[in-house]
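Just below is one structure, and these are the notes that go with it.
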Amino acid sequence: MTSQCDGWIRNYVDGSYVEPDESSSFDQVDPATGRVLARVHEADKALVDRAVTSARRALGNGWADTPVRERTALLRRAADRIEERFEEFVAAEMADTGKPITQARELDVARALTNFRTFADIVAAAGQESFVTDLAGGKQALNYAIRKPLGVVAVIVPWNLPLLLLTWKVAPALACGNSVVVKPSEETPATASLLAEVLEEVGLPAGVYNVVHGFGANSAGEFLTTHPGIDGVTFTGSSATGSHVMKTVAPRVRPVSFELGGKNAAIVFDDVDIDEALTGLTKSVFTNTGQVCLCTERVYVHRSIFDDIAGGLVERAAGLRLGDPTLDATTTGPLISQAHRKKVLDYFEIAEQEGAKVLTGGGIPDLGQELSGGSWIEPTLWTGLTNKDRVVREEIFGPVAALIPFETEAEAIALANDTEYGLAASVWTNDLRRGHRVAQKMNVGISWVNTWFTRELRSPFGGMGLSGIGREGGESSLHFYTEPTNVCVQL
Ligand SMILES: NC(=O)c1ccc[n+]([C@@H]2O[C@H](COP(=O)([O-])OP(=O)(O)OC[C@H]3O[C@@H](n4cnc5c(N)ncnc54)[C@H](O)[C@@H]3O)[C@@H](O)[C@H]2O)c1
Ligand SMILES: O=C/C=C/C=C(\O)C(=O)O
């Protein structure tokens, strides 16, 4: 049995794919064409319970005590096997998201390999904290912390970078000796189930990795977060959902790691290399059709170069190639769904009501009959807006940004920080003293200077304010996916 056969995408529980139930299922839809590709078996409460129970049993059957070198070797084998099956993962990711083949290859699947290999290295090299404590009377005590797995971890991930974000969490969770129950987004079920094949092939014991498909409220997502058998939740998604999940686990005081929404700013100073800034800004606004939590939706530009940047971004937007995702020349895919496109189009209307001037885009492109059923949208740029406007305050999560001028550095910093979110920012300037100074003043989890989405996986990653709780990446992941016990010995 495989993750996807006879038209079904299956749940994976206790080391086996579950026979689907026609009465509890939903469609996998290709966002590029609107066509139904497969049926997805929706896990009910009983199946989620089976998944959590098998995850707990797997811990007790030895996985939690597996030597670090064996766990990290398994992660490396998983990366090697994903590499061998690379194009299968690319195809699965594209079927789920409609994203261009170049992005699926170079970002999504490539990062899955890097995630597994990086956390194998980090966990293999991790030491333990220890101290010799001086006591009265010349005595001493030895304090050392041993780190045990957190336990059964609920992993809930969104639809924008499905495999990247799934492996960003599963790799450290498994490396630290946990077992996981994964609930992928209902929009993007394929790669989480396909990953189960690989993990089984490389010898992961049954029950350590489980996948339950479904939705949030009154479905697999909520059945999982409310299950008394989970020891922690790592969640990536919208801030509203994160807030709800936090309430759900609060009665049992379970630890949460939240990577949530953003309304990220770029600040472009008057001394930039215009072409370099345009290349970086185009990437930060339109990558993955703007469906990256780190994407820029607010571009603050020094007034003296405002027209150059605005005009240059309009030209770059016109250069984006929307269309058949299987073509190497395609740069930009559809939004994830018709429902999400309606949400973005509703913001386009709100922007016009708020006085936006549309520099480019603002509608639905005509890409021909073959793609007419897809959830396509035009890359869009606005001016004429201020920080008071809804479309400058609320996350839209599409290929759109508001361009707003500023005069002084202090004004730019105040504008960029005027948000309830706090995920990412980018600062564009050739004055590196100013770059460091301004980047440090951004109230965000990650602040880039003259670049965007450059990632060091050993650094702490996450957001503040509405953008999240906690950090993952490097040692931050070890701290979330383990529970330390400090042992104090009188010497
Ligand atoms: N900070 C980050 O690293 C990051 C990364 C990607 C996406 N995001 C954010 O995610 C959002 C887009 O993704 P989305 O639409 O899938 O988000 P979402 O919050 O609607 O869903 C995220 C996941 O949570 C599940 N879910 C929904 N309601 C739930 C509930 N009540 N209980 C348990 N699970 C529930 C969904 O099924 C999905 O798997 C955007 O806001 C984006 O900014 C953040
Ligand atoms: O859409 C949000 C992207 C998140 C990216 C990461 O978590 C990462 O690069 O590790």
Side-chain angles (χ1 to χ4, degrees), residues 26 42-43 48 96-97 107-108 110-112 114-115 118-119 154-169 171-172 181-189 192 211-227 230 233-249 256-264 287-295 297 335-337 339-340 343 394-398 421-424 444-446 452-474 476-477:
F26 56 96
E42 181 180 0
V48 171
D96 266 346
T97 61
L107 178 59
D108 300 80
R111 263 294 300 276
T114 310
N115 287 344
T118 300
F119 284 107
V155 178
I156 302 179
V157 286
W159 45 256
N160 60 319
L161 302 172
L163 185 62
L164 185 157
L165 292 167
L166 171 66
T167 53
W168 171 244
K169 296 166 181 295
V181 180
V182 169
K183 211 298 288 176
S185 170
E186 54 278 19
E187 305 287 1
T188 52
V211 180
V212 289
H213 291 296
F215 303 82
N218 303 314
S219 186
E222 203 153 65
F223 298 155
L224 184 56
T225 55
T226 55
H227 196 292
I230 61 164
V233 180
T234 180
F235 169 82
T236 297
S238 65
S239 303
T241 304
S243 172
H244 181 83
V245 170
M246 196 169 179
K247 288 185 203 126
T248 305
V249 301
V256 294
S257 171
F258 282 166
E259 297 184 350
L260 305 178
K263 190 66 178 183
N264 310 308
T287 293
N288 203 41
T289 317
Q291 299 168 123
V292 180
C293 59
L294 302 163
C295 274
E297 294 192 4
L335 294 173
I336 191 67
S337 67
H340 185 55
K343 173 188 166 187
E394 297 173 19
E395 178 184 60
I396 299 171
F397 217 54
Y421 290 98
L423 189 56
V444 294
I446 185 163
W452 177 79
F453 211 3
T454 300
R455 289 281 291 111
E456 167 50 71
L457 305 192
R458 293 168 295 181
S459 299
F461 179 89
M464 53 184 81
L466 283 180
S467 294
I469 294 176
R471 296 293 187 273
E472 296 195 35
S476 302
S477 294

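Along the sequence shown, residues are numbered consecutively beginning with 1. Values below: all heavy atoms of this structure, side chains included; hydrogens, waters and symmetry mates excluded. Just follow the structure's listing: the first ligand is 1, and inside any ligand the first atom is 1.
Proximity to Leu165 (heavy-atom distance under 4.0 Å) selects the following atoms of ligand 2: 4 (C), 5 (C), 6 (C), 7 (O). Listed by atom number, the atoms of ligand 2 under 4.0 Å from Glu259 heavy atoms are 7 (O). Near Val292, meaning under 4.0 Å from any of its heavy atoms, are these atoms of ligand 2: 1 (O), 2 (C), 3 (C). Residue contact check: Phe461 has heavy atoms under 4.0 Å from atoms 4 (C), 5 (C), 6 (C), 7 (O) of ligand 2.
Atoms CD and OG1, on Glu187 and Thr97 in that order, are 11.0 Å from each other to the nearest 0.5 Å. Distance check: His213 NE2 to Phe26 CZ gives 7.0 Å after rounding to the nearest 0.5 Å.
Using a 3.5 Å distance cut-off with no hydrogens or angles, the side chains of Glu222 and Thr248 do not pair a donor with an acceptor.
In terms of protein heavy-atom proximity, atom 8 (C) of ligand 2 is nearest to Arg455 NE, 3.2 Å. Here the heavy atom of the protein found nearest to atom 2 (C) of ligand 2 is Cys293 SG, 2.2 Å.
For a heavy-atom separation below 4.0 Å, the residues in contact with ligand 1 are Ile156, Val157, Pro158, Trp159, Asn160, Leu165, Lys183, Pro184, Ser185, Glu186, Phe215, Gly216, Ala217, Gly221, Glu222, Phe235, Thr236, Gly237, Ser238, Thr241, His244, Val245, Glu259, Leu260, Gly261, Cys293, Glu395, Phe397, Leu423, Phe461.
By the criterion of a heavy-atom distance under 4.0 Å, neither the backbone nor the side chain of Glu472 is placed next to ligand 2. Contact annotation for Leu457 and ligand 2: no heavy atom of the residue comes within less than 4.0 Å of the ligand. Residue contacts with ligand 2 for Gln291 are absent, since no atom lies close enough (heavy atoms, distance under 4.0 Å).
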